[in-house]
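Take a look at the structure set out below.
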Amino acid sequence: MQSTVNFSQFPDQDGHFGRYGGRFVAETLMEALHELNEAWQECRNDPDFLAEFEADLARYVGRPTPLYHAERWSRQLGGAQIYLKREDLNHTGAHKINNTVGQGLLAKRMGKTRLIAETGAGQHGVASATIAARLGMECMVYMGAEDIQRQAINVYRMRMLGATVQPVTSGSRTLKDALNEALRDWVANVDNTFYMIGTVAGPHPYPLMVREFQAVIGREAREQMLTEQGGLPDALVACVGGGSNAIGLFHPFLNDDKVAIYGVEAAGSGIDTGRHAATLCAGRPGVLHGNRTYLLNDENGQITETHSVSAGLDYPGVGPEHAWLKDLGRAQYVAVTDEEALRAFHDLTRIEGIIPALESSHALAYVTKLAPTLRPDQKIVVNLSGRGDKDIYTVAALDGIQL
Amino acid sequence: MNRISRRFEALRQAGRKALIPYITAGDPHPDQTVPLLHTLVAAGADLIELGVPFSDPMADGPVIQKACERALAQGMSLRQVLDLAHTFRQTDLETPLVLMGYLNPIESMGFEAFVAGAKDAGVDGVLTVDLPAEEASELANLLIDHDIDPIFLLAPTSSTERIRRTAKLARGYLYYVSLKGVTGSAALNVAEVAEKLTMIRACTDLPLGVGFGIKDPPTAAAIAQVADAVVVGSALVSRIAELAQNQQKMHAELAALTNSMRIAMDTTS
C-alpha cells in the first residue's frame with residue numbers, strides 16, 4: 001500500500017487531492033467560498049467550536065454510536081467476524097446529521113440566517129431541516145421533482161420541520177439538478193445564506209469540511225475496535241454515492257496500511273446495462289459541481305442519468321478524495337446490483353433484527369462476498385450508515401406488496 | 001493583434017461601445033445557428049458569444065438552461081459547435097466569435113484537441129464559466145499560445161486581489177457579471193455597476209463588458225455609458241424559445257431587438 005503518502009496532509013490549501021478536487025465554480029461564488037473557508041479554518045482549530053460540536057453530537061445526535069458484532073450473520077456467512085457501525089441509531093436515522101450539526105454551528109458563527117440544501121433521498125434534507133428548526137433558521141431544500149414523488153415521507157418530514165421543499169424540474173429532475181439549483185440560489189442570496197452540502201463533493205472546502213465532520217464515525221470505530229476487540233480490523237466496507245459516510249469511516253484508517261478498504265457503488269440493473277450509478281467503477285475524470293472527480297458522462301462530456309434502487313446513491317459524481325484513493329490504490333471500489341442489495345436488506349433484517357437503509361445494504365451485500373474469503377479470526381467493519389424505515393415502501397413495491 | 005483586440009480598438013477610435021449578443025448553439029435547431037449569427041451581425045452585433053450547451057449549466061437561469069436542453073435534445077455537442085463556428089467563419093471573416101460554456105465538455109475532448117479545433121474553426125475567445133483564475137492557467141496558457149483569448153468573469157463580490165489575479169490571465173476583455181445571481185435575473189443597478197467598473201479599471205487596461213440582466217434598449221444604453229461592451233443573452237434566447245416554430249419571425253424579432261439596442265447605445269454614447 002501507499003505508506004509514503006500521509007493522508008492527513010490532504011487536500012492542499014486549494015482543496016486538491018492530487019489532480020482531483022479544487023474549486024470549479026463561476027466567479028460569482030468564489031468570494032463566498034473564500035469566506036466559508038476562512039470561517040471553517042478558524043472554527044476547526046477553535047477549542048470552543050469543537051467542544052460545542054462534540055457536545056451536540058453526544059446530547060442531540062446520541063453519539064457515540066455502538067459498534068455491534070453481528071455474530072449470527074458472521075456465522076452464517078462462514079468467514080470473517082462482521083462489526084456494524086451503527087450510524088442508523090443517530091437522531092434522524094442516518095450519518096447525515098453529523099455533518100449538518102457541524103455546518104449548522106458554522107452557519108451560526110458566520111451570522112447567516114438562512115440555510116439551503118440539496119437532497120436526493122431526502123435524508124440530508126431532513127437532517128438540514130432538523131438543524132434549521134433547532135437553530136431557528138429559515139430552510140429551503142431543493143429536491144428533484146422525480147425524487148419528491150419517490151420519497152413522499154421524507155418530503156412531509158421536512159415540511160413538518162418547517163422547511164420549504166422546492167421541486168426542481170430542470171435537467172433530469174434528480175439530485176444533480178437539485179445541486180445546480182441550490183448553487184444558483186446561493187449565488188443570488190449569498191449575503192444571508194449558508195449552503196449545506198450533504199456529501200464530500202462540491203467545491204473546496206466542502207469535501208474537506210464534510211469529511212472532518214463525518215470522520216467522527218471512523219475515529220469512534222477505530223477506538224472501539226482497539227479497546228473492545230483488541231486490534232484494528234482487517235477490512236472496512238461502506239457504500240459510496242457522493243461518499244460521505246464512506247470517507248467518514250475510512251479517513252481515520254487511511255494511514256493504517258494493513259487495513260483493506262472497500263467502497264461499494266450502486267451497479268443498479270448491472271454496469272453492462274448502462275442503468276447504474278457506479279461512478280468510480282465505470283466513469284472517467286471530469287468536472288462537475290465545483291470539483292474535478294470521476295463522473296458518469298457521455299463521449300461529449302454531458303452528464304448522464306443514473307439509476308439505483310437507492311435514491312441516496314443515485315448521483316453521477318463522487319467525492320474527489322475517493323477518486324484520488326482509487327487512483328492511488330489505497331481503497332478498492334466495487335459495485336453491487338439492486339438485486340444483491342435487496343437480498344442483503346432482507347438478510348440483515350431477518351438474521352440480526354436490524355432494518356438497514358437501501359444505501360447501506362449495498363455495503364452489506366459486498367460483505368456477503370468478502371467475509372467468506374477471510375478467516376473467522378479476521379474482522380470487517382461495515383458502516384451501517386442509515387436505517388431502512390424510509391425504504392419500506394420501495395422494498396414492498398419491489399416485492400409486489402401494496403402497503 | 002487578433003480579431004477581438006482589433007474590434008475593440010476600432011470601436012474605441014469611433015467612440016462607440018461593443019454590443020455582444022449571446023445565443024446557445026443548436027437552439028432551436030443546429031441548422032438555424034449560423035443564419036442566426038449572420039442576422040445578429042447584420043443587426044449591429046460587434047462580437048458574438050456562442051453558448052456551448054451543457055447538461056448542468058450551474059450559473060445560468062431558466063431561460064438558458066432550457067436553451068441548453070433544447071440544443072442537447074437535438075444532439076448538439078462541442079464538436080458540432082466547432083463545426084458551426086467554422087461554417088460561420090467561411091462567410092464572416094471579421095466578427096469576433098467567443099465560445100461560452102462549461103469546462104466538462106472541453107475536458108472531455110481534451111485541452112489540446114479543443115484548442116486546436118477552436119483555432120481551426122476561427123474561434124477568437126473562450127469563456128469557461130466554471131473555470132476561475134485559480135484553476136485556469138493550463139487551459140488559458142494553451143489558448144494564448146494559439147492566439148485565442150481566454151475571457152474571464154468578474155463579479156460584484158470579486159475582491160481587488162481576485163480582480164488583479166484574473167486580469168493577469170485574461171485576454172481580449174473581461175466580462176463583469178452585473179448582479180448577484182444567474183443569467184437572466186431581474187434588475188441590475190447601473191450606479192453599482194459603474195462603481196465596481198471604476199474599481200476594476202484601476203486594476204486592468206482590458207476592455208470591460210457587462211452582462212446578466214440586460215433586457216432592453218434603455219438598460220443597454222445606460223450600461224454602454226460606463227462599460228466598453230454590453231452583453232445580451234437571455235432576452236434574445238427567450239425570443240428564440242417563443243418563436244422557434246416561426247423562423248422568419250424569429251429572425252425578424254432578434255434583428256429588431258439587437259438593432260434597437262444598437263441604436264440606443266450609439267445615440268447615448
Side-chain angles (χ1 to χ4, degrees), chain A residues 13-16 19 21-35 168-173 176-193 202-204 284-293 295-305 316-317, chain B residues 52-62 65-66 68-69 71-72 75-81 101-110 114 127-136 152-159 161-163 165-166 174-177 179-183 185-186 212:
Chain A
Q13 61 167 358
D14 293 316
H16 297 108
R19 62 184 293 216
R23 280 191 201 97
F24 294 88
V25 296
E27 178 64 23
T28 41
L29 273 181
M30 286 301 286
E31 286 299 335
L33 290 172
H34 283 300
E35 184 200 6
V168 176
T169 56
S170 57
S172 61
R173 304 150 71 96
K176 77 172 179 71
D177 310 286
L179 224 152
N180 293 333
E181 210 53 44
L183 285 166
R184 291 176 188 127
D185 179 317
W186 199 28
V187 167
N189 300 294
V190 68
D191 295 334
N192 71 341
T193 298
H204 180 64
R284 61 196 166 88
V287 171
L288 179 69
H289 292 152
N291 63 121
R292 182 175 279 124
T293 185
L295 298 177
L296 292 173
N297 54 174
D298 68 16
E299 69 278 12
N300 297 314
Q302 306 296 342
I303 308 306
T304 49
E305 291 186 25
Chain B
V52 181
F54 182 48
S55 54
D56 294 78
M58 293 175 305
D60 284 298
Q65 288 170 42
K66 292 209 174 69
C68 285
E69 287 176 19
L72 291 173
M76 204 65 208
S77 66
L78 177 55
R79 168 52 54 200
Q80 289 178 59
V81 176
Y102 292 79
L103 183 57
N104 200 53
I106 295 176
E107 185 137 326
S108 182
M109 181 179 280
F114 167 69
L127 197 173
T128 315
V129 175
D130 54 349
L131 190 63
E134 282 85 342
E135 302 282 357
F152 285 90
L153 298 175
L154 291 174
T157 47
S158 303
S159 64
E161 186 197 338
R162 288 197 50 72
I163 294 169
R165 181 174 192 162
T166 304
L174 284 160
Y175 183 141
Y176 178 66
V177 175
L179 44 77
K180 291 178 186 169
V182 293
T183 52
S185 295
F212 282 43

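The sequence lines fix the lettering, A, B, ..., with proteins before strands; numbering per chain opens at 1. Because the structure is predicted, anything quoted here is derived from the model rather than measured.
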request  = State whether the side chain of A:Gln302 and the backbone N or O of B:Leu72 hold a donor-acceptor pair below 3.5 Å, judged by distance alone.
outcome  = no
ask   = Checking B:Pro62 against chain A: side chain, backbone, both or neither under 4.5 Å from a heavy atom?
value = neither
message = Report which part of B:Val129 has an atom under 4.5 Å of a heavy atom belonging to chain A: side chain, backbone, both, or neither.
response = both
note = Note: vs chain A, highest number of non-hydrogen pairs under 4.5 angstrom among B:Asp56, B:Leu103, B:Leu131 is B:Asp56
inquiry  = Out of B:Ala136, B:Pro132, B:Ser159, B:Ser77, return the one with the most heavy atom pairs under 4.5 angstrom to chain A.
reply    = B:Pro132
Hey, are the side chains of [X] and [Y] touching, using non-hydrogen atoms and a 4.5 Å cut-off?
{"X": "B:Asn104", "Y": "A:Asn297", "value": "yes"}
{"X": "A:Arg284", "Y": "B:Ser108", "value": "yes"}
{"X": "B:Lys180", "Y": "A:Val190", "value": "yes"}
{"X": "A:Arg292", "Y": "B:Glu107", "value": "yes"}
{"X": "A:Ile303", "Y": "B:Phe54", "value": "yes"}
{"X": "B:Asp130", "Y": "A:Val287", "value": "yes"}
{"X": "B:Lys66", "Y": "A:Ser170", "value": "no"}

Under a 4.5 Å heavy-atom cut-off, does chain B meet the side chain of [X], its backbone, both or neither?
{"X": "A:Asp298", "answer": "backbone"}
{"X": "A:Glu299", "answer": "backbone"}
{"X": "A:Leu29", "answer": "neither"}
{"X": "A:His289", "answer": "both"}

Calculate, to the nearest 0.5 Å, the distance between atoms [atom1] and [atom2] belonging to [X] and [Y] respectively.
{"X": "B:Ser55", "Y": "A:Leu288", "atom1": "OG", "atom2": "CG", "value": "7.0 Å"}
{"X": "B:Leu179", "Y": "A:Thr28", "atom1": "CG", "atom2": "OG1", "value": "10.0 Å"}
{"X": "A:His204", "Y": "B:Glu134", "atom1": "NE2", "atom2": "CD", "value": "11.0 Å"}

query = Is it the case that B:Ser158 and A:Glu31 place a side-chain donor and acceptor less than 3.5 Å from each other?
reply = no
Side-chain donor-acceptor contact under 3.5 Å, B:Glu135 with A:His16 = yes
query = Is it true that A:Glu27 and B:Arg162 have a side-chain N and a carboxylate O under 4.0 angstrom from each other?
reply = yes
